[in-house]
Trainee: 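My questions all concern the structure below.
Values below: all heavy atoms of this structure, side chains included; hydrogens, waters and symmetry mates excluded. Convention: sequence-line order gives letters A, B, ...; per-chain numbering from 1.
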Amino acid sequence: MPELPEVEITRERIGPALLGRRIEGVHTTKPSYFFLTPPQRLRKRLVGRTVQALERVGKYLVAPLDDGSRLVLHLGMTGQLFVEGVASVRLLSAAGRAALAPEKQGHFSPDAHTHLWISFEDGGPAVIFRDVRKFGKVLWLAPGEKTPRLERLGVDALRAGGADLFAASRTRSAAIKSLLLDQSVIAGVGNIYADEALFLAGLRPTRAARRLSRPQCGTLAAALQQVLRRSIETGGSSISDYVAPDGRDGAYQDERRVYARKGEPCDACGTAIRRIVIGQRSAHFCPRCQA
DNA sequence: ACCGCACCCTGAGCGC
DNA sequence: TGCGCTCAGGGTGCGG
């Protein structure tokens, strides 16, 4: 679910519920690879701490704490970071939803997928991290400690220019779509926005990266900026799981030109959108508009 | 270096 | 109703 725009919206809206509040309790599910830092240690390190800032690095959220350590979060595919008390049907499974009366279907209560529950000394609402597939990650870093996960990220997608793309693509024979998804090249782009940017730039996702000209790299970088910024403006894409920390859906899914629109007519020319597979991921494009 | 693939996990939706 | 299958905004690690 969450790509750069969704993570950025999450950062902005979870901030008020997190910053400056002293952590009283941390409740977790049992150890799993979701916890890069084991739950028991995580609890020990977090209780009594105060979150001083919240930064986004690619698709990661990084929270510096008052003792110089850092809490690192990644939402994976189905991660949901939100404030206790918000209502959204996306916070319940279809089965759970069906079991409730319609007027209660937005109400969230902790379930087996609620891996992190952070409560605060001020007694206000908790911050909750739920993730059905557990592809998300929680990691605590000691003061000064580094992690390859952050170290190897390339330039943030909101700051990536044509020159970055051009330089990174010269030796790459792989499809440009795969290059866009490579977080060590450009950090933050995922499947939706890679497809949408390639459509806007008029480029086929299958094109070998090294075959792009300098101007085409410029066009693609500009398209990426436009797509990402517009998605942030509209609150991100809520396609199946994504919900903002305040419980609201994004609206960018309504502006998609190609992603998950297989068989539908292209907005620009009417040709049916095609879906293919590139690097084990789906790719969507208009066979007429994208060369 | 770089590329493709297996794998991590759960749930929804589909055809039969 | 149930079964088996495919699919899903993520990333890592391996061998070639």
Side-chain angles (χ1 to χ4, degrees), chain A residues 1-10 29-36 57-61 72-81 89-98 111-115 129-139 147-154 157 167-197 206 208-210 227-228 231-232 234-244 249-253 255-256 258-262 275-284:
Chain A
M1 73 153 209
E3 306 182 29
L4 186 151
E6 291 75 29
V7 178
E8 178 60 20
I9 297 290
T10 299
T29 47
K30 63 178 186 179
S32 69
Y33 65 88
F34 175 86
F35 294 102
L36 294 177
V57 184
K59 298 175 196 171
Y60 287 87
L61 289 172
V72 180
L73 306 176
H74 193 292
L75 299 177
M77 289 275 262
T78 52
Q80 299 166 318
L81 189 65
V89 293
R90 297 187 195 276
L91 297 173
L92 298 171
S93 67
R97 202 152 56 230
D111 60 4
H113 307 304
T114 306
H115 302 296
F129 190 173
R130 181 175 183 266
D131 183 4
V132 170
R133 289 176 76 182
K134 283 193 284 192
F135 286 173
K137 294 284 176 280
V138 179
L139 169 64
T147 172
R149 287 172 184 270
L150 297 177
E151 293 295 314
R152 66 174 156 238
L153 294 178
S169 59
R170 295 308 86 193
T171 61
R172 302 294 204 109
S173 60
I176 182 61
K177 169 73 186 281
S178 297
L179 190 84
L180 290 179
L181 293 179
D182 185 339
Q183 302 299 297
S184 69
V185 175
I186 295 179
V189 183
N191 218 22
I192 297 178
Y193 302 108
D195 280 1
E196 295 299 317
T206 48
R210 64 191 305 170
V227 163
L228 295 172
S231 181
I232 292 171
T234 58
S237 299
S238 288
I239 290 180
S240 66
D241 300 289
Y242 180 72
V243 61
D249 276 4
Y252 192 77
Q253 65 277 6
E255 300 190 14
R256 280 171 301 141
V258 288
Y259 181 80
R261 290 195 59 215
K262 176 187 172 183
R275 175 191 181 277
I276 59 176
V277 173
I278 299 174
Q280 278 60 57
R281 310 291 301 277
S282 64
H284 313 77

Trainee: How long is the line joining CD of A:Gln280 and C1' of C:dT6, in whole Å?
Mentor: 15 Å
Trainee: Please determine whether a side-chain nitrogen of the Lys or Arg among A:Asp111 and A:Arg130 lies less than 4.0 Å from a carboxylate oxygen of the Asp or Glu.
Mentor: yes
Trainee: Could you state the CZ-P distance from A:Arg133 to C:dC7, rounded to the nearest angstrom?
Mentor: 13 Å
Trainee: For DNA chain B, list all stems, counting runs of three or more consecutive pairs where every pair is Watson-Crick or G-U wobble with both distances under 3.5 Å.
Mentor: B:2-8 with C:10-16, B:10-16 with C:2-8
Trainee: Anything under 3.5 Å between a protein N or O and an N or O of nucleotides 14-16 of chain C, put it in a table, one pair a line.
Mentor:
none

Trainee: Taking the same atom, P, in B:dC9 and in C:dG13, what whole-Å distance lies between them?
Mentor: 15 Å
Trainee: Take atom CE of A:Met77 and atom P of C:dA8, then tell me their distance rounded to the nearest Å.
Mentor: 8 Å
Trainee: Counting any heavy atom closer than 4.0 Å, what does A:Arg256 reach on the DNA or RNA strands: base, sugar-phosphate only, or nothing?
Mentor: nothing
Trainee: Within the side chain of A:Gln80, is there an N or O that forms a donor-acceptor pair under 3.5 Å with the backbone of A:Ala244?
Mentor: no
Trainee: Rounded off to whole Å, could you give me the CD-to-P distance for the A:Glu3 and C:dA8 pair?
Mentor: 13 Å
Trainee: Can you tell me how far P of C:dG11 sits from OH of A:Tyr33, to the nearest Å?
Mentor: 14 Å
Trainee: Just the rounded figure in Å: distance from C1' of C:dT12 to CG of A:Leu181.
Mentor: 15 Å
Trainee: Quickly work out the A:Leu61 CG to C:dG11 P distance and round it to whole Å.
Mentor: 13 Å
Trainee: I'd like to know if the side chain of A:Ser231 and the backbone of A:Leu228 have a donor-acceptor N/O pair within less than 3.5 Å.
Mentor: no
Trainee: Under 4.0 Å, heavy atoms only, any strand: does A:Tyr259 hit a base, just the sugar-phosphate, or nothing?
Mentor: sugar-phosphate
Trainee: What heavy-atom pair brings A:Gly154 and A:Ala187 nearest, and what distance separates the two atoms?
Mentor: O-CB, 3.7 Å
Trainee: What is the nucleic acid contact for A:Ser282, judged by heavy atoms within less than 4.0 Å: base, sugar-phosphate only, or nothing?
Mentor: sugar-phosphate
Trainee: NA contact type, A:Lys137, heavy-atom cut-off 4.0 Å: base, sugar-phosphate, or nothing?
Mentor: nothing
Trainee: Start at the 5' end of DNA chain B and walk down; is the nucleotide closest to A:Ala168 or to A:Lys134 reached first?
Mentor: A:Ala168
Trainee: Determine whether the aromatic ring centres of A:Tyr252 and A:Tyr193 lie less than 6.0 Å apart.
Mentor: yes
Trainee: For DNA chain B, which nucleotides open and close the run of contacts to chain A, 5' to 3', at under 4.0 angstrom from a non-hydrogen atom?
Mentor: B:dC2 to B:dA12
Trainee: How long is the gap from NZ on A:Lys137 to CG on A:Leu75, to the nearest 0.5 Å?
Mentor: 11.5 Å
Trainee: Going from CD1 on A:Ile276 to NE2 on A:His284, what distance comes out if it is rounded to the nearest 0.5 angstrom?
Mentor: 9.5 Å
Trainee: CG/A:Leu81 to OH/A:Tyr242 distance, rounded to the nearest 0.5 angstrom?
Mentor: 9.0 Å
Trainee: What pair of heavy atoms forms the shortest contact from A:Pro2 to A:Lys59, and how long is it?
Mentor: O-CD, 3.9 Å
Trainee: Go nucleotide by nucleotide along DNA chain B from the 5' end; which of A:Gly279 and A:Thr171 gets its closest nucleotide reached first?
Mentor: A:Thr171
Trainee: Considering all heavy atoms of both residues, which atom of A:Leu153 and which atom of A:Arg149 are nearest to each other, and what is their separation?
Mentor: CG-O, 3.4 Å
Trainee: Round to a whole Å and report the spacing from CG of A:Leu75 to C1' of C:dG11.
Mentor: 13 Å
Trainee: Using heavy atoms to find the nearest nucleotide of DNA chain C for A:Tyr60 and A:Arg275 separately, return the residue whose nucleotide is more 5′.
Mentor: A:Arg275
Trainee: Taking all non-hydrogen atoms of both residues into account, name the closest pair between A:Ile278 and A:Ala175 and its distance.
Mentor: CG2-CB, 3.8 Å
Trainee: Looking at A:Arg172 and A:Asp182, does any basic side-chain N land under 4.0 Å from a carboxylate oxygen?
Mentor: yes
Trainee: Indicate, with a heavy-atom threshold strictly under 4.0 Å, whether A:Ser173 touches base, sugar-phosphate, or nothing.
Mentor: sugar-phosphate
Trainee: In a check of side-chain contact (heavy atoms from CB on, under 4.5 Å) between A:Tyr259 and each of A:Glu196, A:Gln253, A:Arg275, which one passes?
Mentor: A:Glu196
Trainee: Between A:Arg90 and A:Pro148, just flag the one whose closest nucleotide in DNA chain C comes earlier from the 5' side.
Mentor: A:Arg90
